[in-house]
Amino acid sequence: MINSKAHTLGRLVGESLLREGLVLFSKNPELLCTKIESFLNAAYEIEANLNTEAKALLEKYGRDLDKSQVDEHQMFLMIKKKLIRERDLVLQSDPTLSADDKISHLAHLIQLGIRKDPECDTKNENALLAEVKRILTIEMQQEESIQIEVRKRLSHYKKTVLEGTPEWDILYQRTVSELMRKKGLDSA
């Protein structure tokens, strides 16, 4: 699955680490960006798989629940939270985690991936981690401002389209893409 967010972050982080001399890479620099993208995609894929599993559990056990008593979306979120706790996962969509925790988690994943790669040589692990966190912080702040603006624009839909439904997701993504295009931030 191609994740444009992972692609953009992978490129930004990889180019910066090479430019700052924090990673020596024996091959084409583009390959380092691709490797970093794959580290991020692995984290995002865990979340996508968890969502799929939570939806399957909801379908399986949802038939037994009294539909008039249970909000399906709330039940999905409860199942997802239970799976996250059971597996001790850190997910980017977890509203209980601070932005710093999410950034730190992704930065450590990238650092670990680079450390394990035999084609990469790092000069200073602390400086590498700090640079990755700096880039992720800038990008997430930008993303957060876009999300706030999107939620403002979509606030009038809340009564007709339930957040978390496929309809909401489509509307949300369409609005995000439109805003990013207007701000010149789209990766296409």
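With salt bridges taken as basic N to acidic carboxylate O contacts below 4.0 Å, one links Glu47 and Lys80. Contact check on Arg11 versus Glu37 returns no salt bridge, with no Lys/Arg side-chain nitrogen under 4.0 Å from an Asp/Glu carboxylate oxygen. Look at Arg134 and Glu131 and you find a salt bridge, because one of the NZ, NE, NH1 or NH2 atoms lies within 4.0 Å of a carboxylate O, short of that distance. Glu53 has no carboxylate O lying under 4.0 Å from a charged side-chain N of Lys60, or vice versa, which leaves the two without a salt bridge. Using a cutoff of 4.0 Å between basic side-chain nitrogens and carboxylate oxygens, Lys182 and Glu178 are scored as salt-bridged.
Between Arg153 and the options Leu171, Ile148, Thr175, a side-chain contact (heavy atoms from CB on, under 4.5 Å) holds for only Thr175.
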Check step by step if side chain to side chain donor-acceptor pair (under 3.5 Å) holds for Ser104 and Asp101. CA-CA 5 Å; Ser104 183; Asp101 288 339; over 6 Å; no

Set out, in order, the CA-CA distance, both residues' side-chain angles and the distance that settles salt bridge (Lys or Arg N to Asp or Glu O under 4.0 Å) for Glu119 and Lys35, then state yes or no. CA-CA 11 Å; Glu119 296 170 336; Lys35 286 180 182 229; 2.9 Å; yes

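Under a 3.5 Å cut-off, the side chain of Ser16 and the backbone N or O of Val13 do not form any donor-acceptor pair.
Taking every heavy atom of both residues into account, Lys133 and Ala107 meet most closely at CG-CB, 3.5 Å.
Counting heavy atoms from C-beta outward, Leu50 and Ile46 have side chains that stay 4.5 Å or more apart.
Considering CG of Leu24 and CG of Leu32, their distance stands at 10.5 Å, rounded to 0.5 Å. Atom CG in Leu89 sits 6.5 Å away from atom CD1 in Ile84 (nearest 0.5 Å). Separation of atoms CG (Leu12) and CD1 (Ile138) is listed at 9.0 Å; rounding is to 0.5 Å.
Side-chain atoms of Thr122 and Glu125 form a donor-acceptor pair, as typed in the model, at a separation below 3.5 Å. Asn49 and Thr52 share no side-chain donor-acceptor pair at under 3.5 Å.
Linking ILVMFWY side-chain heavy atoms closer than 4.5 Å, directly or via other members, places Leu22 and Leu31 in a single hydrophobic cluster.
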